[in-house]
Number of protein chains: 2
Amino acid sequence: MTDIGPESGTEPGPLLIIGGREDKTGDRVILRAIAERVQGRKLVLATVASRAPEGYFDAYEAAFAELGVTEIVELYVHERGDTLGGQMNHLFEDAAGIFFTGGDQLRISSQIAGTPIEAAVRAIHARGGLIAGTSAGAAAMSDTMLVRGSGSVSHRIGDLHMAPGLGLMPHIIIDQHFAERGRIGRLLGAVAQNPRVLGVGVDEDTAILVTGATFRVLGSGAVTVVDGSGVTHSNIAEARPERTLSMHDVRLHVLATGDGFDLALRRPLHRADD
Amino acid sequence: MTDIGPESGTEPGPLLIIGGREDKTGDRVILRAIAERVQGRKLVLATVASRAPEGYFDAYEAAFAELGVTEIVELYVHERGDTLGGQMNHLFEDAAGIFFTGGDQLRISSQIAGTPIEAAVRAIHARGGLIAGTSAGAAAMSDTMLVRGSGSVSHRIGDLHMAPGLGLMPHIIIDQHFAERGRIGRLLGAVAQNPRVLGVGVDEDTAILVTGATFRVLGSGAVTVVDGSGVTHSNIAEARPERTLSMHDVRLHVLATGDGFDLALRRPLHRADD
């Protein structure tokens, strides 16, 4: 299947990481960013995160049609075993991008990680294709993904469950529906566990478009970056699970549309810096 | 009324700033801190923040009785005019402390600021008495208090209403019910408006006990400190009101019980620092 292998000299494609509930009927700033990169070619819509994918595809098909994306195929995995022989990989032939919709990030990782489908996704990325994901589809892009943890409460040390993700976006941990579900506490908890990892909380109808080692913010909400590299103290390893997190000297950035971020330098890029 | 005037050589008393919904039936860590400072003397329970104060007094009277605080008098203001001649100031005679309960912080400021009651509160503080406040009673302690602003959403620039508070706690702005109502966005917005002001978000059943230029955290939740002194960019003054806040290089501290904070140096104090 050379048509999904990397082309020599091609840079990896962009990642579009969306916090969920992106506008599908108005200006569609985020879906438009997908359409601009797909440019009338084929988009794979992966509804694999959902236990009941009916309706997801139709809603996106209608939203994308008006943006010029008319060739859309659905990827859904009922049984992991159905994928292992590469039976579903024809879906990716000539695809310009793939878009993972919402649901449960553990369904994405458990159903496709380590299968020929994951290899096909990586190949699309490696040859310059777009990999987009919203909500669970966003969470699954990091090395380690947040699976469960309370919102609207300050972080309790034992209250966080993580799992290995697809690893398309290394060294960061994504949280989605970020402000809407009051998730700053759990993202701080995740960063406290390993402050080398950058925490990136993405609001609903908001996205980061990652190209190379920088990203830019799109959409109506904010992207909150939690940089724990300067943390001087936390109790994450010492205290009992029911204890509240203590964490000193976090660097925080709140980014809005037009702002960017240099992932290598861990520095925000204001629009004026461009 | 020399009995409520400052005594020479006395340091101002502590402030106890509570994020609301402090435990009233269990360990009562926070109410116990009040009881320890009142030491069996008179406590004024100011229910002035509430439009319907019935029940507040009874609940606290019962909770405090078991902690040895048996002399409690209620301060409620139906009409500001009833206070202006000092008619209610006998309530403060020999009081060891005052505790402002919850409701609307604008009721506290509009009903008692600039009246002989406020002067009596300041006098109790100046002579070493305890000033405590929960929820609205906490918010009212700062120079400028948050009155209204959305929770569980990243801050929109025009979405914040502030008003002058009692000013017992200068140079900080308090937000209460902090994690529970997802208020990090609005506190960041408040600090963006004037980064000299330190933002202090107090969770429910959590408090800061301020003595001199330091505070210590009590209770089950977290205290989030937003230090904007190093902010390198924000769009608070430029963007349209409906735009999302952008704010780079915020310093954030999450403090739990036992942690302290040096307000002059803007540095957290870990328990081991004591």
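Residue numbers begin at 1 in each chain, while the letters A, B, ... track the order of the sequences.
With a 4.5 Å cut-off on non-hydrogen atoms, Arg267(B) touches chain A through its side chain but not through its backbone. Contacts of His248(B) with chain A are made by both backbone and side-chain atoms, with heavy-atom separations under 4.5 Å. Within the 4.5 angstrom heavy-atom criterion, only side-chain atoms of Arg156(B), from C-beta onward, approach chain A. Both the backbone and the side chain of Ser220(B) have a heavy atom closer than 4.5 Å to some heavy atom of chain A.
Of the charged side-chain nitrogens involved, none lies within less than 4.0 Å of a carboxylate oxygen, so that Asp259(B) and Arg216(B) do not count as a salt-bridged pair. Salt-bridge formation is not detected for the pair Asp23(B)/Arg28(B): no Lys NZ or Arg NE/NH1/NH2 atom is positioned less than 4.0 Å from an Asp or Glu carboxylate oxygen. Between Arg32(B) and Asp27(B), none of the side-chain N atoms (NZ, or NE/NH1/NH2) sits under 4.0 Å from a carboxylate O, so this pair counts as no salt bridge.
In terms of non-hydrogen atom pairs under 4.5 Å with chain B, the most contact-rich of Glu204(A), Glu180(A), Arg183(A) is Glu180(A). Chosen from Val225(A), Asp249(A), Leu255(A), the residue pairing most often with chain B at heavy-atom distances under 4.5 Å is Asp249(A). Contact tally against chain B (heavy-atom pairs below 4.5 Å) for Asn235(A), Leu188(A), Leu252(A), Thr232(A): the top residue is Leu252(A). Ranked by heavy-atom pairs under 4.5 Å with chain A, the first of Gly221(B), Gly230(B), Gly182(B), Gly151(B) is Gly221(B). With chain A as the partner, the residue from Gly201(B), Gly185(B), Ser246(B) showing the most heavy-atom pairs under 4.5 Å is Ser246(B).
For the residue pair His177(B) and Ser135(B), a side-chain donor N or O sits within less than 3.5 Å of a side-chain acceptor on the partner. Side-chain N/O atoms of Thr214(B) and Asp262(B) include no donor and acceptor closer than 3.5 Å.
Every side chain to side chain donor-acceptor pair (under 3.5 Å) that Asp104(B) has, sequence neighbours left out, goes to Arg51(B). Shown here are the ring pair (Phe, Tyr, Trp, His ring centres under 6.0 Å) partners of Phe215(B), two or more places apart in sequence or in another chain: Phe261(B).
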